[in-house]
Protein chains: 2
Amino acid sequence: MAPVKKFRELDENLVRQKEAAFADFIQKKGLKTTRQRNTIISTFFRLRGHISVEELLNQVKQVNPRIGYATVYRTLHLLVESGLVEERRFGDGLARYEGHSDVEHHDHMICLECGEIFEFFNPRLEALQESLAEENNFQIFRHRLELYGACKDKDACQKRKARGNAAAGAE
Amino acid sequence: MAPVKKFRELDENLVRQKEAAFADFIQKKGLKTTRQRNTIISTFFRLRGHISVEELLNQVKQVNPRIGYATVYRTLHLLVESGLVEERRFGDGLARYEGHSDVEHHDHMICLECGEIFEFFNPRLEALQESLAEENNFQIFRHRLELYGACKDKDACQKRKARGNAAAGAE
DNA sequence: TGGATTACGAAAACTGTTTTCATTTTCGGC
DNA sequence: GCCGAAAATGAAAACAGTTTTCGTAATCCA
Ligand SMILES: [Mn+2]
Ligand SMILES: [Mn+2]
Ligand SMILES: [Zn+2]
Ligand SMILES: [Zn+2]
């Protein structure tokens with residue numbers, strides 16, 4: 001009867017689940033639980049999207065302003081090592097991080113006009129990659145596929161595209 | 001009669017063609033022809049593969065040891081701007097450059113064991129990307145697809161894979 | 001060939017990230 | 001609850017790749 005609240009609850013549960021999984025990882029590695037790490041991961045898991053280190057640090061500082069870059073970097077490495085988080089690089093020079101959503105693997109479309117990032121997954125595409133690898137006697141461990149362009153829906157993107165200052169394709 | 005030589009000649013012609021195209025570009029931009037730029041581009045076009053700045057500088061220095069990083073970087077930017085060269089990043093932190101081959105666009109398989117890079121192109125894959133973009137009302141300007149894994153042919157890669165120190169998928 | 005314009009090269013600056021190191025915190029055993 | 005070894009923190013320095021600066025030199029058109 002309260003679908004919005006329901007989603008929020010579910011999301012909150014997922015976050016707690018991830019926090020628990022990370023705690024597990026930390027313990028199994030013989031590392032220590034610290035206030036800073038807890039702050040960082042619970043902040044991170046409550047953010048959505050593809051988060052840069054600076055973005056994360058800014059949020060974290062609102063909870064504990066004494067936390068610095070080093071600890072955020074170190075914690076992100078642990079999160080990646082734990083398998084709960086993936087690092088992405090979309091060519092703007094900064095690493096971005098995202099917690100796994102329910103979709104295990106996905107690829108990205110990046111709008112060069114508005115910066116929005118769309119996620120997609122297509123089994124045929126994945127299978128085709130596999131079969132091409134096979135042909136070349138190559139075994140895929142992982143892959144990255146990024147489509148850079150413009151989302152036609154957005155007003156801003158259409159406008160800029162019409163003015164032609166995007167088609168150049170410059171970074 | 002001399003197929004190897006023939007290929008070499010053809011290749012040499014292609015290089016000269018590119019050098020001419022770059023000269024054109026320089027002139028149309030109102031820039032100046034210099035000994036350093038000539039050395040750099042003719043060295044670059046005679047190398048094959050995905051060349052890092054350091055690799056290029058090392059080669060260039062054998063012709064003229066006084067040429068420095070700055071000029072190599074600047075010349076590579078011009079080459080990219082001219083459209084004769086493309087920048088690639090395969091995740092090892094360095095930019096790599098490749099002159100267009102006859103194949104206009106291609107994607108890459110990167111062996112994490114031996115570092116070898118295989119190039120491929122598949123129209124079905126490209127078309128599938130297009131149609132997925134279409135579905136999302138997205139217009140692709142460019143894309144990048146990289147398959148990371150192991151080439152099964154190579155002895156070294158097979159051996160290491162068997163020992164299991166590769167499957168972890170760590171960077 | 002003069003002279004405005006562009007390029008060069010060494011070194012400094014920059015950016016994102018990693019490391020160092022002195023200090024503090026954690027946590028299992030007492 | 002305290003001890004002490006082990007691990008974590010944070011400020012600052014170091015690092016790596018790349019870009020910029022700035023004084024000097026080369027280019028090239030009138
Ligand atoms: Mn994503
Ligand atoms: Mn290539
Ligand atoms: Zn995929
Ligand atoms: Zn492609």
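Computed from a predicted structure; not experimentally measured. Convention: sequence-line order gives letters A, B, ...; per-chain numbering from 1.
- Listed by residue number, B/A70, B/Y73, B/R74, B/H77 are the residues of residues 69-87 of chain B with a heavy-atom contact under 4.0 Å to DNA chain D.
- B/R96 contributes no side-chain N or O that, together with a main-chain N or O of B/E86, makes up a donor-acceptor pair within less than 3.5 Å.
- A/Y73 and A/H77 have tilted rings, their planes meeting at an angle from 30° to 60° on a 0 to 90° scale.
- For the pair B/Q36 and C/dA7, the criterion of a side-chain N or O lying under 4.0 Å from OP1 or OP2 is not met.
- Protein atom CZ of A/R89 is 11 Å distant from nucleotide atom P of C/dG16, rounded to whole Å.
- Residue whose closest nucleotide on DNA chain D sits further toward the 5' end, between B/L31 and B/Y97: B/Y97.
- There is a side-chain donor-acceptor pair under 3.5 Å between B/H143 and B/Q129.
- The CD-P distance, from A/E54 to C/dG16, rounds to 7 Å in whole Å.
- Distances shorter than 4.0 Å separate some side-chain N or O of A/R37 from OP1 or OP2 on D/dT9.
- The base of D/dA26 has none of its N or O atoms less than 3.5 Å from a complementary donor or acceptor on the side chain of B/K32.
- One atom, CZ of B/R96, and another, P of D/dT18, lie 10 Å apart when rounded to the nearest Å.
- Here A/T34 does not reach the OP1 or OP2 of D/dA7: none of its side-chain N or O atoms lies under 4.0 Å away.
- With hydrogens and angles ignored, the 3.5 Å screen pairs a side-chain donor or acceptor of A/T39 with a backbone N or O of A/R35.
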